[in-house]
Every structure is written in structure tokens, then in C-alpha cells.
Amino acid sequence: ARSGRLELAHGVVETPMFMPGGTQGSVKTLHPDELEELGAQIILGNTYHLWLRPGHELIRDLGGLHEFTTWRKPMLTDSGGFQVWSLAKMRKITEEGVQFQNHLDGNKMLLTPELSMEIQASLGSDIAMLFDECPPYPCEKQYAADSLGLTSRWAKRCKDWIVERQPRSGEGRQQHFGIVQGSIYADLREQSARELVELDFDGYAIGGVSVGEPEEEMFRAIDHAVPFLPADKPRYAMGLGTPPQILEMIGRGVDLFDCVMPTRVARHGVAFTLDGPLQVKNAEHARDPAPLCESCHPHVAGFSRAYLRHLFKAGEMLSLRLLSFHNLHFYLRLVAGARTAIAEGTFPEYKESFIRRYQRHQTKTSS
RNA sequence: GUGGUCGUAGCUCAGUUGGUAGAGCCCCAGAUUGUGAUUCUGGUUGUCGCGGGUUCGAGCCCCGUCGAUCACC
């Protein structure tokens with residue numbers, strides 16, 4: 001485990017850090033001021049979604065994504081590769097890029113490495129992710145190898161675009177993170193990492209995880225990639241994870257995380273607590289005056305489980321907001337605690353005691 | 001009073017020529033990992049208004065009865 005400071009165009013990010021997802025220019029249900037209050041230092045935006053709607057040129061003309069959304073702190077934009085994989089109806093991957101039918105009106109579109117870089121430059125994010133191909137799980141080794149090769153060639157094209165279009169360096173410059181692929185194969189992960197490091201980016205992400213693989217495979221993918229990434233550059237595990245997974249990966253030297261889980265499950269009635277996930281809608285809470293958990297943010301601590309259950313059963317929008325707020329608070333506290341523990345040299349104990357309590361009452365397995 | 005229609009799960013209803021009861025909602029529980037609030041997956045629930053009859057067998061047919069509703073008198 002390690003801690004650090006990431007200096008970006010719109011401010012400093014302390015690591016390890018969790019980055020809430022603001023896919024369409026909004027962390028669903030929350031006000032930017034609330035995110036600041038929660039201690040969020042960097043949030044995500046998404047190239048694919050913002051390109052389709054309202055359009056990156058519109059956002060650029062209105063001053064960029066920070067100005068557009070009023071979020072003044074650092075932002076990271078995902079390249080769109082994953083969304084083309086997960087959302088588009090039909091897609092055809094070619095050397096040039098990905099042809100697909102978008103999920104909004106079915107129009108045929110083409111996303112290329114250069115276009116992804118251009119869109120992200122228009123958005124003005126602090127960190128732009130390279131355009132990659134995210135292979136599915138399970139994945140034959142030959143496919144994973146071919147896919148990795150394509151991702152590396154696209155990385156080179158992204159690099160060329162960056163050098164040509166953004167020659168300036170220094171403060172305020174947009175940073176770029178490469179994405180290590182290679183599925184579950186150790187040698188491919190190593191190869192991918194080496195090829196990306198050769199091209200020299202500002203940070204490195206581990207992609208192709210959280211695509212349906214078992215947890216052990218996910219950890220192994222991280223372990224296969226981390227040793228080949230430079231120690232002085234940030235490492236980002238894309239799309240992860242559950243609270244215990246976050247701690248496990250911090251223990252493996254990962255600095256940044258993003259995951260829709262805290263906000264998505266919040267909208268479906270699940271609250272994270274020190275004793276594991278809590279199904280707020282369950283009948284057992286119908287008359288429970290207790291708060292969600294002892295670590296609640298003051299804004300949520302005053303509400304009983306009975307009231308929160310009622311809000312969900314009644315379909316009240318406040319329920320979505322309160323649990324989104326609560327779950328992000330939980331995640332951001334988790335990583336803040338990790339930073340403190342790392343600084344004090346007690347991270348292993350912090351991790352173990354958290355996981356022991358979190359999983360104590362769990363009867364189900366998280367596959 | 002006469003004639004018609006209808007009584008099936010908590011609610012709204014489907015049940016083919018009689019073959020041993022289903023759906024949606026609700027309720028109960030689970031899922032969710034580079035974003036799906038309005039999603040997905042499971043599960044519980046019936047004296048088929050009641051009482052007789054016909055039949056090997058009735059939610060379906062016959063008789064009676066109760067209730068709802070409509071039309072006419």
C-alpha cells in the first residue's frame with residue numbers, strides 16, 4: 001500500500017482515492033457542493049455519453065466540462081471504449097476504430113483513438129483515458145493477445161495525437177493514462193504494461209476487470225500488471241470495486257478507483273455499512289428507529305431505517321439522494337481511513353479489521 | 001317483480017371442445033463493479049361466492065342459493 005499526491009490542472013488529489021462516477025456530467029442525484037462536503041476530490045465524466053449528448057463541441061463552446069457542470073475540482077474522463085463495449089447495439093472493431101450503433105437513436109457512428117482524444121480535450125478533463133478495447137470474460141488467449149495488440153497500436157495513435165495537438169507541458173495540462181489489458185493472462189498483462197510504459201504516459205490504468213470474472217481472477221489481473229508499472233506514476237483500477245476489494249487493491253499498490261456500485265445500489269435500496277451491505281427495503285426495518293450505521297454522515301444520521309425504508313417503498317426521490325450520499329460517504333471515508341493508516345504504518349491492521357467486521361454477518365458469497 | 005351480465009390470489013383480470021388453476025400489480029427476498037432511479041432474477045398467496053347434482057374427472061355443464069351490477073316493469 002502507498003499514499004501520495006496527484007497534482008492535476010484543477011487541484012490536488014490525495015491517493016488512494018475513490019472517484020465517484022459522473023457519467024453524463026452529473027453524479028446522479030447529488031449537487032457538486034454535496035460532493036465537496038463528502039470529500040470527493042475528483043469525479044468521472046464519460047466520453048461516449050457526453051459525445052452523444054449534449055455533444056463535446058457544445059460543452060467546449062460553453063467553457064468545458066468544469067464550467068458546464070460547476071464542478072471546479074479535478075475530473076477524469078473515460079475514453080468511451082467500455083461504453084461501446086457495453087451499451088452499443090452492434091459494433092464492429094476495426095484497425096481504424098469501433099463502428100457501432102449508439103444506444104440513443106441507433107445512428108451508426110465511428111469512434112477512433114484520435115476522436116476520443118479530441119472529445120476529451122474538448123471536455124477539458126484533468127485526466128483523459130486512452131481509447132482501448134475491453135475484451136470480454138471469459139476470453140480466449142489468442143483473442144486477448146490480438147486485442148492487446150490493437151489497444152497498444154491505438155495507444156501509439158493517441159500518443160501521436162497528444163504530441164501533435166498538445167505540445168505544451170506543465171501546469172494545467174491535460175494528463176493521459178494508458179490502459180493495461182491482457183485479460184487473465186500474466187504474460188499478456190506484462191506485455192501490455194511494458195508496451196504502454198514504453199510510450200510514456202502520465203499514469204496507468206488496469207482495465208478489462210469487473211467484466212464478470214471471479215474475484216480471484218480480478219486480483220490476479222491486478223497482481224500481473226502492477227509490477228511492470230512505474231512506481232512514480234499513479235495506478236488506477238478501472239471500475240472497481242466492493243469495499244473489501246478496494247482495500248485489497250490498495251494493499252496491492254493501486255492508487256485510484258472508480259465504481260458505479262455505491263451510487264447504483266443506492267438507487268436500488270442498498271446502503272453500505274461497517275457490518276456489510278444493508279437492504280434498506282427489507283421488512284425487518286419497517287419499525288427500526290436506528291440509523292443506517294454508526295459511521296453515518298450527519299446529514300443522514302438523523303434518519304431512521306424505518307423512514308428510509310418508507311421512502312423507498314413509497315418511491316420518494318429523497319431515498320435515492322440520501323442513500324447515494326451515504327454510500328459515497330462510506331467509500332470516501334474508507335479510502336480516507338486507508339490514507340491515514342498508510343501514513344501511520346497501520347494499513348494491514350486497518351484492512352484486516354475492516355474486512356473482518358464487514359464480512360462477519362455475511363452469509364452470501366460475493367462472486 | 002322480470003330478464004341479462006358478473007362473482008377465480010390482497011388488487012385488476014385470463015382460463016381454449018369438462019382433464020385437476022395462471023398473468024400483471026402488490027408483497028417477500030436476492031442481484032448490480034470504466035453508471036441502469038423508474039432494471040433484472042427468484043419466491044409466498046387460492047375452500048375458483050356458497051350448497052347440491054351430472055361425470056372416471058367440474059373454474060367450465062345442470063339445479064338451487066347469496067352478493068354485485070345493468071335494463072325493463
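Letters go in sequence order (proteins before strands), and every chain restarts at 1.
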Report task. With heavy atoms under 4.0 Å as the rule, sort A/Gln181 into base, sugar-phosphate or nothing. Result -> base

Query raised in the report: If you check every side-chain atom of A/Val260, which of B/G30, B/G34, B/A37 has the closest atom?
Result: B/G34

Query raised in the report: Judged by modelled atom types alone, do A/Ser116 and A/Gln120 share a side-chain donor-acceptor pair under 3.5 Å?
Result: yes

Requested in this report: Answer with base, sugar-phosphate or nothing: what part of the nucleic acid does A/Asp258 contact at a heavy-atom distance below 4.0 Å?
Outcome: sugar-phosphate

Report task. Would you indicate what A/Ile206 reaches in the nucleic acid, counting non-hydrogen atoms under 4.0 angstrom: base, sugar-phosphate, or nothing? Result -> nothing

Query raised in the report: How long is the line joining CZ of A/Phe312 and P of B/A29, in whole Å?
Result: 14 Å

**Report entry** Nucleotide forming a Watson-Crick or wobble pair with B/C28, both distances under 3.5 Å
**Finding:** B/G42

Query raised in the report: Whole Å only: how far is the CG atom of A/Asn282 from the C1' atom of B/U44?
Result: 15 Å

Query raised in the report: OH of A/Tyr236 versus C1' of B/U33: gap in Å, rounded?
Result: 11 Å

Query raised in the report: Atom CZ of A/Arg267 to atom P of B/A31: distance rounded to whole Å?
Result: 17 Å

Report task. Please measure how far the C1' atom in B/C61 lies from the corresponding atom in B/G24, and state the result in whole Å. Result -> 30 Å

Requested in this report: Using a heavy-atom cut-off of under 4.0 Å over every strand shown, decide if A/Val270 touches base, sugar-phosphate, or nothing.
Outcome: base

**Report entry** Rounded distance in Å between the P positions of B/A58 and B/C26
**Finding:** 36 Å

Query raised in the report: Going by distance alone, is a donor N or O of one side chain under 3.5 Å from an acceptor N or O of the other, for A/Asp146 and A/Gln142?
Result: yes

Requested in this report: Remember a base hit wins even if backbone is also touched, and classify A/Ser319 as base, sugar-phosphate or nothing at under 4.0 Å, heavy atoms.
Outcome: nothing

Query raised in the report: Any Lys/Arg nitrogen of A/Asp202 or A/Lys233 sitting under 4.0 Å from an Asp/Glu carboxylate oxygen of the other?
Result: no

Requested in this report: With P as the reference atom in both, quote the distance from B/U17 to B/U2 in angstrom, rounded to an integer.
Outcome: 33 Å

Query - Output field: ring centroids A/Phe131/A/Phe82 closer than 6.0 Å - result: no

Query raised in the report: Using purine N1 to pyrimidine N3 plus N6-O4 or O6-N4 for Watson-Crick, or N1-O2 and O6-N3 for G-U wobble, each under 3.5 Å, what pairs with B/U55?
Result: none

Query raised in the report: Among side-chain atoms of A/Gln99 and A/Thr94, is any donor-acceptor pair under 3.5 angstrom?
Result: no

Query raised in the report: Which of the following nucleotides, B/G34, B/U33, B/A37, is nearest to the side chain of A/Cys134?
Result: B/G34

**Report entry** Donor-acceptor side-chain pairing of A/His66 and A/Asp126 below 3.5 angstrom
**Finding:** yes

**Report entry** Inter-nucleotide C1' distance (B/G53, B/G18), Å rounded
**Finding:** 15 Å

Query raised in the report: With a non-hydrogen cut-off below 4.0 angstrom, is A/Gly81 in contact with a base, only sugar-phosphate, or nothing?
Result: nothing

Query raised in the report: Do other residues, nucleotides or ligands put more than 12 heavy atoms under 6.0 Å from A/Glu198 CD?
Result: no

**Report entry** Between B/A23 and B/G67 - P atom distance, rounded Å
**Finding:** 34 Å

Report task. Provide the Watson-Crick or G-U wobble partner of B/U2, both distances under 3.5 Å; none if there is no partner. Result -> B/A71

Requested in this report: Classify the side chain of A/Asp132 versus the base of B/G34 as yes if they form a donor-acceptor pair under 3.5 Å and no if they do not.
Outcome: yes

Report task. Ignoring hydrogens and angles, state whether a donor on the side chain of A/Asp258 or A/Tyr236 is under 3.5 Å from an acceptor on the partner side chain. Result -> yes

Requested in this report: Could you tell me the separation between the CG atom of A/Leu278 and the P atom of B/A31, rounded to a whole number of Å?
Outcome: 12 Å

Requested in this report: Between B/A37, B/U33, B/C28, spot the one nearest the side chain of A/Thr242, thanks.
Outcome: B/U33

Report task. For A/Lys313 and for A/Leu240, locate the closest nucleotide of RNA chain B by heavy-atom distance; then report the residue assigned to the nucleotide nearer the 5' terminus. Result -> A/Lys313

Query raised in the report: Which of the following nucleotides, B/C28, B/A37, B/U33, is nearest to the side chain of A/Gln245?
Result: B/U33

Query raised in the report: In whole angstrom, what separates A/Lys281's NZ from B/U41's C1'?
Result: 13 Å

Query - From B/G30, B/G34, B/C28, nucleotide with atom closest to A/Gln279 side chain - result: B/G30

Query raised in the report: What interatomic distance, in whole Å, is found between C1' of B/C60 and the corresponding atom of B/C48?
Result: 10 Å

Requested in this report: Could you work out the separation of B/G3 and B/U44 based on their P atoms and round it to a whole Å?
Outcome: 46 Å

Query raised in the report: With rounding to whole Å, what would you report as the distance between B/G15 and B/G51 at their C1' atoms?
Result: 24 Å

Report summary line: Of the listed B/A37, B/A29, B/U33, the closest approach to the A/Lys28 side chain comes from B/A37

Query - Options B/U39, B/C28, B/U33, nucleotide nearest the side-chain atoms of A/Arg264 - result: B/U33

Query raised in the report: Rounding to a whole Å, what distance do you find between A/Asn46:CG and B/G34:C1'?
Result: 8 Å

Report summary line: Between CE of A/Met261 and C1' of B/G34 the distance, given in whole Å, is 13 Å

